[in-house]
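Contents: one structure, followed by commentary.
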Protein chains: 2
Amino acid sequence: MNRELLLLGLLRHKDMHGYELHEFINRDMAFCTDIKKPTAYNILQKMAESGWVTEIEEQDGNRPPRKVYQITSEGEQVFQKLLRENLQQHHQARFTDDIGLAFIDAIPSEEAILLLKKRRAILQHEFDVLNRPHSKAHSRGGMKLILEHQRRHLQAEIDWLDDVITRLTKEDI
Amino acid sequence: MNRELLLLGLLRHKDMHGYELHEFINRDMAFCTDIKKPTAYNILQKMAESGWVTEIEEQDGNRPPRKVYQITSEGEQVFQKLLRENLQQHHQARFTDDIGLAFIDAIPSEEAILLLKKRRAILQHEFDVLNRPHSKAHSRGGMKLILEHQRRHLQAEIDWLDDVITRLTKEDI
DNA sequence: TCCTGATTAGTCATTATTGACTATTCAGAA
DNA sequence: TTCTGAATAGTCAATAATGACTAATCAGGA
């Protein structure tokens, strides 16, 4: 239901068509979700069937018509409910990167150290990118919170990875 | 491919049947992955088709026969490759919990604070559970690393959430 | 003994997700 | 003006994932 929350939240600000929503999400919100285009259209269609949004065919010049989505008052109520649910819950994070760690004793620790140092370089690079001055879309309210969250998370990852590398170096796993 | 890595890694230790693999993953590795039963069987079947594992029908008493999976030498090579890939990469974490934060200005900050305090209590509880003495399955090598990772991550989450709550309290979003 | 609920083991029909494709428009170069 | 590559807008067939189901066995109590 978090994808629904996201789409409704964006539609509250302004009416948008599917492609526009997808573009925004994949440009400005890539760090918190990952909705592919057909998935976005699928969710929009279902929300239209549920009456949370309305589809309005719009003709722009002589381009083929496109469907503009508008949140309904029922959709607004659902948004308010989903938002409250989201804020008061916590979903355990699953790190797919961890799976390899479970089997780290299957390779020589010198090699493991080299591989993890490579991972660390990637992490550091992402951290640096995140600390670069950011776009307009990211400078308002909630977005800043989310960016700060990513920053904190990446810092914790780097600290942890350094710790793992140190322990491997001391053969103290 | 990380699910494949996980299943192959477990089969390296001993031959297992599908249900056994699924049970182990959902009991002892729930904090790093989330493979449903039919998904596990599906992956095992595909790995059998690829020659990474062999299926052997086994009769236990007069129970219906079941398929025991055994890693092949080709499977071992794939495991070694996947493990190295996994260790040297980093996958950006996506926090679905963040989506609500993006729209936090849609509700009064007093209410948001209450909701986030509830979230914090859940987080704290998970942190406490994680710090309780853990099972045998979790006390060996790689597993300890992963638990430590979760612990660090949860600590960072709590710190961040406290920061958000403080900022909201000061109306400084 | 018989019954009940839990455990073991797996399947299958339905949903969800996505890679790959179509088709139009537009901006600029040749 | 004609061509080319990028941007816009969306669809669809194929794959992946899962909820709900089946079915046997077992442990223990009535």
Side-chain angles (χ1 to χ4, degrees), chain A residues 1-7 10-11 14-30 32-50 52-70 82 91-92 94 96 99, chain B residues 1-7 10-11 14-30 32-50 52-70 82 91-92 94 96 99:
Chain A
M1 279 296 150
N2 281 310
R3 288 143 131 83
E4 283 80 358
L5 174 61
L6 174 58
L7 291 174
L10 295 176
L11 289 175
K14 77 185 183 79
D15 303 349
M16 285 193 253
H17 52 268
Y19 189 82
E20 204 178 349
L21 282 162
H22 170 258
E23 276 302 290
F24 183 81
I25 292 169
N26 278 261
R27 187 169 18 86
D28 296 321
M29 309 201 64
C32 64
T33 189
D34 173 30
I35 304 184
K36 299 291 182 295
K37 215 161 1 129
T39 306
Y41 281 106
N42 184 8
I43 295 171
L44 284 169
Q45 196 187 297
K46 274 190 256 168
M47 293 204 300
E49 280 161 23
S50 306
W52 302 355
V53 299
T54 52
E55 286 180 345
I56 299 155
E57 291 253 318
E58 188 202 60
Q59 191 89 33
D60 177 16
N62 55 350
R63 279 173 161 274
R66 57 188 184 185
K67 284 176 197 141
V68 175
Y69 292 90
Q70 184 173 245
L82 292 179
H91 282 304
Q92 196 186 333
R94 263 88 193 248
T96 128
I99 290 172
Chain B
M1 279 296 151
N2 280 311
R3 288 143 131 83
E4 283 79 357
L5 174 62
L6 175 57
L7 292 174
L10 295 176
L11 289 176
K14 79 185 180 80
D15 301 351
M16 285 194 254
H17 52 270
Y19 189 80
E20 203 179 351
L21 282 162
H22 170 258
E23 275 303 289
F24 182 81
I25 291 169
N26 277 261
R27 189 169 16 86
D28 296 320
M29 308 201 66
C32 64
T33 188
D34 173 32
I35 304 184
K36 299 290 181 297
K37 214 159 5 124
T39 307
Y41 282 105
N42 184 10
I43 295 171
L44 284 168
Q45 195 186 297
K46 273 191 256 168
M47 293 204 300
E49 278 161 23
S50 306
W52 302 355
V53 299
T54 54
E55 286 180 345
I56 298 154
E57 290 253 319
E58 187 203 59
Q59 191 90 33
D60 177 14
N62 54 351
R63 277 170 163 276
R66 58 189 184 185
K67 283 176 197 141
V68 176
Y69 292 89
Q70 185 172 245
L82 292 180
H91 282 305
Q92 197 186 332
R94 262 94 194 243
T96 126
I99 290 172

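Chain identifiers are assigned alphabetically (A, B, ...) following the order of the sequence lines, protein sequences preceding nucleic acid strands; residue numbering begins at 1 within each chain.
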Grab the [atom1]-[atom2] distance between [X] and [N] for me, whole Å please.
X     : N      : atom1 : atom2 : answer
B/Q45 : D/dT15 : CD    : C1'   : 13 Å
B/L44 : C/dG10 : CG    : C1'   : 12 Å
B/M16 : C/dG10 : CE    : P     : 13 Å
B/Y19 : D/dT22 : OH    : C1'   : 14 Å
A/E23 : D/dT8  : CD    : P     : 6 Å
A/K67 : D/dG10 : NZ    : P     : 8 Å
B/N2  : D/dA16 : CG    : P     : 15 Å
B/H22 : C/dT11 : NE2   : P     : 14 Å

N or O in side chain of B/Y41 less than 4.0 angstrom from C/dG10 OP1/OP2: yes
Considering only nitrogen or oxygen atoms on both sides, find all protein atoms under 3.5 Å from nucleotides 17-19 of chain C and state each distance.
unit_1: C/dT18; atom_1: OP2; unit_2: A/T39; atom_2: OG1; d: 3.4

Sole residue of B/Q45, B/E58, B/E57 in side chain to side chain contact (heavy atoms under 4.5 Å, CB included) with B/K67: B/E57
List the residues meeting salt bridge (Lys or Arg N to Asp or Glu O under 4.0 Å) with [X], not counting sequence neighbours, and say none if there are none.
X     : answer
B/D34 : A/R94, B/K36
B/E20 : B/K14
B/E4  : none

Partner residues of B/T33 under the side chain to side chain donor-acceptor pair (under 3.5 Å) criterion, sequence neighbours left out: none
Partners passing side-chain contact (heavy atoms from CB on, under 4.5 Å) against B/A40 (at least two apart in sequence or in another chain): B/I35
